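The structure appears below as structure tokens.
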Amino acid sequence: MNACGRNHQEKVAMEVLKGDRFVALDELEAVSKEHKRNLAQAIEKVAGSEETNIIELENLQYFDGTGIKPEIVGTVTGMILGYCNWKKPIIGFTQTDSDGLKISLRCSRLLSYEGIHFGNIIREISSKVGGSGGGHSMACGAYIPVEKKNEFLELFNETLNGKISS
């Protein structure tokens, strides 16, 4: 059902939930396989080689997920957390259809014990660069203008200065 929602196939999910165990169930299986393939390709792109595309700053790390569907960048970011420095939050960026960036942040549960609420931080920083955001303490996201990416990263990194013990 999650795969259907993330791939704009809500009708397929609804038909299966209503009891269609023939045509719609076959369609659901196809959507699910495509979703898994998209996730695998995205993870391969970011962390699949010896040289990952994860850039580490003083207080955070990030990757450019250009080409990754906006609907799955959060899932990919969470999965990538296992391939990088778990002591720092990781941010994934990808382009949206409207000349903006979708940002997803994930972090280890251990960072939440330090009293850091990344949802509040991402809301504040995205607002400063002309975007919007929010979310939970360990999983959050934002939308910002493409040209504000570097400013966003600098502000976020500065905001975390002294809050995360490496």
Side-chain angles (χ1 to χ4, degrees), residues 1-55 60-86 88-112 117-123 125-127 129-149 152-153:
M1 299 308 137
N2 181 31
C4 286
R6 294 189 185 275
N7 290 281
H8 307 289
Q9 297 293 325
E10 296 86 357
K11 185 177 179 189
V12 172
M14 289 304 299
E15 291 302 313
V16 171
L17 291 171
K18 290 190 311 187
D20 182 344
R21 299 292 189 246
F22 299 104
V23 175
L25 194 57
D26 289 342
E27 291 175 2
L28 176 70
E29 187 175 329
V31 170
S32 181
K33 282 182 182 178
E34 178 70 12
H35 182 64
K36 289 176 186 176
R37 188 180 66 73
N38 287 337
L39 289 172
Q41 287 176 340
I43 291 167
E44 178 70 24
K45 175 184 176 163
V46 176
S49 65
E50 287 189 28
E51 277 191 43
T52 69
N53 294 320
I54 300 169
I55 298 161
L60 63 95
Q61 54 202 330
Y62 70 93
F63 66 89
D64 181 344
T66 299
I68 296 174
K69 293 170 60 173
E71 295 85 358
I72 66 169
V73 71
T75 304
V76 171
T77 304
M79 295 170 88
I80 293 298
L81 194 56
Y83 294 91
C84 58
N85 181 352
W86 65 269
K88 294 181 181 181
I90 184 161
I91 294 175
F93 291 93
T94 195
Q95 188 98 22
T96 66
D97 293 337
S98 61
D99 196 33
L101 290 176
K102 169 139 186 219
I103 301 167
S104 285
L105 178 145
R106 301 295 184 269
C107 72
S108 165
R109 293 187 185 279
L110 296 176
L111 290 181
S112 71
H117 194 292
F118 289 103
N120 292 341
I121 295 170
I122 208 165
R123 180 181 303 110
I125 302 299
S126 62
S127 176
V129 299
S132 62
H136 304 286
S137 62
M138 297 176 295
C140 54
Y143 291 92
I144 64 168
V146 171
E147 67 275 7
K148 297 294 187 167
K149 176 183 172 184
F152 175 88
L153 286 169

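The model shown is predicted, which means the values in this text are computed figures rather than measured ones.
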Item checked: Closest approach of Ser126 to Ser132 (non-hydrogen atoms, all atoms of both residues) -> OG-C, 3.2 Å

Notebook entry, point to check: Quick one: are Ile91 and Phe152 in side-chain contact, heavy atoms under 4.5 Å?
Noted result: yes

Margin query: Looking at every heavy atom in both Thr77 and Phe63, which two are closest together, and how far apart are they?
Written below: OG1-CZ, 3.5 Å

Note to self: Between Ile68 and Val46, is there a side-chain heavy-atom distance shorter than 4.5 Å?
What the structure shows: yes

Note to self: Tell me the closest heavy-atom pair linking Ile122 and Gly133, and the distance in Å.
What the structure shows: CG2-C, 4.3 Å

Next item on the list: Measure the CD-CE distance between Gln9 and Met14 for me, rounded to the nearest 0.5 Å.
Entry: 14.0 Å

Next item on the list: Nearest 0.5 Å please: distance from the OG1 atom of Thr94 over to the CG atom of Asp64.
Entry: 7.5 Å

Note to self: Apply side-chain contact (heavy atoms from CB on, under 4.5 Å) to residues Lys69 and Arg6 and explain how you reach the verdict.
What the structure shows: CA-CA 9 Å; Lys69 293 170 60 173; Arg6 294 189 185 275; over 6 Å; no

Checklist line | CG (Asn2) with more than 12 external heavy atoms under 6.0 Å | finding: yes

Item checked: Rounded distance [0.5 Å steps], SG in Cys4 versus NE2 in His35 -> 9.5 Å

Check: Going through the distances and angles, do Leu39 and Val76 end up as a side-chain contact (heavy atoms from CB on, under 4.5 Å)?
Finding: CA-CA 7 Å; Leu39 289 172; Val76 171; 3.8 Å; yes

Next item on the list: Give the C-alpha distance, both sets of side-chain angles, the deciding distance and a yes or no for side-chain contact (heavy atoms from CB on, under 4.5 Å) between Val12 and Asn7.
Entry: CA-CA 11 Å; Val12 172; Asn7 290 281; over 6 Å; no

Note to self: Please find the pair of heavy atoms, one from Gln95 and one from Val146, that lie closest to each other, and give the distance.
What the structure shows: NE2-CG2, 3.5 Å

Checklist line | 4.5 Å side-chain heavy-atom contact, Ile54 and Asn85 | finding: no

Next item on the list: Spell out, as yes or no, whether a donor-acceptor pair under 3.5 Å connects the side chain of Lys148 to the backbone of Val129.
Entry: no

Checklist line | Ion pair Glu15/Lys11, N-O distance below 4.0 Å | finding: no

Next item on the list: Could you pull out the closest heavy-atom pair between Arg106 and Thr75, with the gap in Å?
Entry: NH2-N, 4.3 Å

Next item on the list: Kindly compute the distance separating CG (Leu101) from OG1 (Thr96), expressed to the nearest 0.5 Å.
Entry: 7.0 Å

Next item on the list: Please name the pair of heavy atoms, one in Glu71 and one in His8, separated by the smallest distance, quoted to 0.1 Å.
Entry: OE2-NE2, 2.8 Å

Note to self: Could you measure the distance from the OG atom of Ser32 to the CD atom of Glu27? Nearest 0.5 Å is fine.
What the structure shows: 13.5 Å

Item checked: From CZ (Arg123) to NE2 (His117), nearest 0.5 Å -> 7.5 Å

